[in-house]
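Working notes, beginning with the structure itself.
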Amino acid sequence: MSYETLIVEQTEGVTMIRLNRPEALNALNSQLLGELCAALDAAEADEAVRCVVLTGSDRAFAAGADIKEMSTKTYAEMFKQDFFGASARRIEQFRKPIIAAVAGYALGGGCELAMLCDFIIAAESAKFGQPEINLGVAPGIGGTQRLTRFVGKSKAMEMILTGRMMDAAEAERSGLVSRVVPADQLIGEAMAAAAKIASQSPLAVMMNKELVETAYETTLSTGVAVERRLFHSLFAFDDQKEGMAAFVEKRKPDFRGS
Ligand code: CAA
């Protein structure tokens, strides 16, 4: 499948999706989000794909929702089109891991898109922010909720009310990103993490992803109970037998996803 706003590359077990609207710093318009959903559908359907890396350019992961596309919309249009709702749900419901590899600006919808991924690896050049207040609006793809969960109320409130950006070091300190790497190592580090994930049991990977997500959706005691059930259920798979036998036999496991 070919895309106009994305560059999609396959390597063994990993799909890399690069946002590609350089003229607009990868601003998220309807076409780009539609193509992103289609690329995720294809990655979901392909059993050979075990992990996705989502990235942008050196200058921008994405500078937000496309302000030019949005500027003339009415409330009725936004509501009828469920503006960005369907795309956000598609990414939320993607069952395989998605790593955001962020260099440059991740602002507004760009920051929200990165937070929709399972974890964020940032280049030293990364800048995160929710500057919607400067446009007289609010974040619309989960920014007020997810940023607050990541960095806490005080920092989220300050960033959202003032539009202040956070650099990569502050983002790491605050728990928004898993780690910061030199810009020229960003893709290599993200692809290495993706390859490591791709080498694991895909069943265990999906269940682990669901379990960490559960921590955001439920109480501790319910989450721990769900974890125990899924932990037990993993013993129904051949991959558990293979993983533990390989450890005992001092060899590399050969996970088949069964
Ligand atoms: N939408 C549409 N076009 C955008 C854009 C956006 N979000 N961000 C940048 N662009 C365009 C610019 O208009 C410019 O295009 P032209 O050359 O045709 O004028 C091009 O990208 C390059 O941008 P700049 O010249 O502004 O580059 P800069 O280096 O001077 O500044 C920047 C970079 C600080 C990121 C600045 O572009 C900026 O502030 N962008 C807007 C950021 C923003 O407000 N994002 C939130 C959007 S609203 C949102 O996302 C809502 C939501 O939650 C769903």
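Note: hydrogens, waters and symmetry copies are ignored here, and every other heavy atom, side chains too, is used.
For the ring-ring contact (aromatic ring centres under 6.0 Å, His included) test, no residue two or more places apart in sequence or in another chain qualifies with Tyr75. Listed by chain and residue number, Phe235 satisfy the ring-ring contact (aromatic ring centres under 6.0 Å, His included) test with Phe231 (two or more places apart in sequence, or in another chain). Every residue meeting the salt bridge (charged side-chain N to carboxylate O under 4.0 Å, His left out) condition with Lys155, not counting sequence neighbours, appears here in chain and number order: Glu170. Qualifying side chain to side chain donor-acceptor pair (under 3.5 Å) partners for Ser30, counting only residues two or more places apart in sequence or in other chains: Glu69. Residues passing the salt bridge (charged side-chain N to carboxylate O under 4.0 Å, His left out) test with Arg149, sequence neighbours excluded: none. A search for side chain to side chain donor-acceptor pair (under 3.5 Å) contacts involving Gln81 returns Lys73, not counting sequence neighbours. Remark: Arg146 pairs with Glu92 by the side chain to side chain donor-acceptor pair (under 3.5 Å) rule, at least two apart or across chains. Taking the side chain to side chain donor-acceptor pair (under 3.5 Å) definition, one finds that Asp184 meets it with nothing, sequence neighbours left out.
A side-chain hydrogen bond (donor to acceptor under 3.5 Å, both in side chains) check over residues 189-206, counting only residues at least two apart or in different chains, returns the pairs Arg179-Glu189, Ser201-Asp239. Within the structure, salt bridge (charged side-chain N to carboxylate O under 4.0 Å, His left out) pairs that include any residue of residues 103-114 do not occur (at least two apart or interchain).
In the displayed structure, Glu12 atom CD is contacted under 6.0 Å by at most 12 heavy atoms of other residues, nucleotides or ligands. Atom NZ of Lys96 has more than 12 neighbouring heavy atoms from other residues, nucleotides or ligands inside a 6.0 Å radius. No more than 12 heavy-atom neighbours from other residues, nucleotides or ligands sit within 6.0 angstrom of CG on Asp58.
In this structure, OG in Ser57 is found 11.0 Å from OH in Tyr105, a value given to the nearest 0.5 Å. In this structure, Phe150 CZ and Ser174 OG are separated by 11.5 Å, a value rounded to the nearest 0.5 Å. To the nearest 0.5 angstrom, Asp118 atom CG is 11.0 Å from Ser178 atom OG. In this structure, CG in Leu54 is found 10.5 Å from CD1 in Ile120, a value given to the nearest 0.5 Å. Here CZ of Arg89 is found 7.5 Å from CD of Gln93. Values are rounded to the nearest 0.5 Å.
A donor-acceptor pair under 3.5 Å links the side-chain atoms of Thr162 to the main chain of Arg164, judged by distance alone. Without hydrogens or angle criteria, Asp46 side chain to Ala42 main chain gives no donor-acceptor distance under 3.5 Å.
Nearest heavy-atom pair, Ile197 versus Arg50, reported as atom, atom and distance to 0.1 Å: CG2-O, 4.3 Å. When all heavy atoms of Leu28 and Phe84 are compared, the closest pair comes out as O-CZ, 3.7 Å. Shown here for Phe83 and Met70, the closest heavy-atom pair between the two residues is CE2-CG, 3.6 Å.
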Using a 3.5 Å cut-off and no angle test, enumerate the donor-acceptor pairs between side-chain atoms of residues 218-228 and protein atoms at least two apart in sequence or in another chain.
residue, atom, partner, partner atom, Å
Thr219, OG1, Thr222, N, 3.2
Thr219, OG1, Thr222, OG1, 2.9

Please tabulate, one pair per line, all N/O donor-acceptor pairs under 3.5 Å involving side-chain atoms of residues 1-11, not counting sequence neighbours.
residue, atom, partner, partner atom, Å
Glu4, OE1, Gln31, NE2, 2.9
Thr5, OG1, Glu35, OE1, 2.7
Gln10, OE1, Thr15, OG1, 2.7

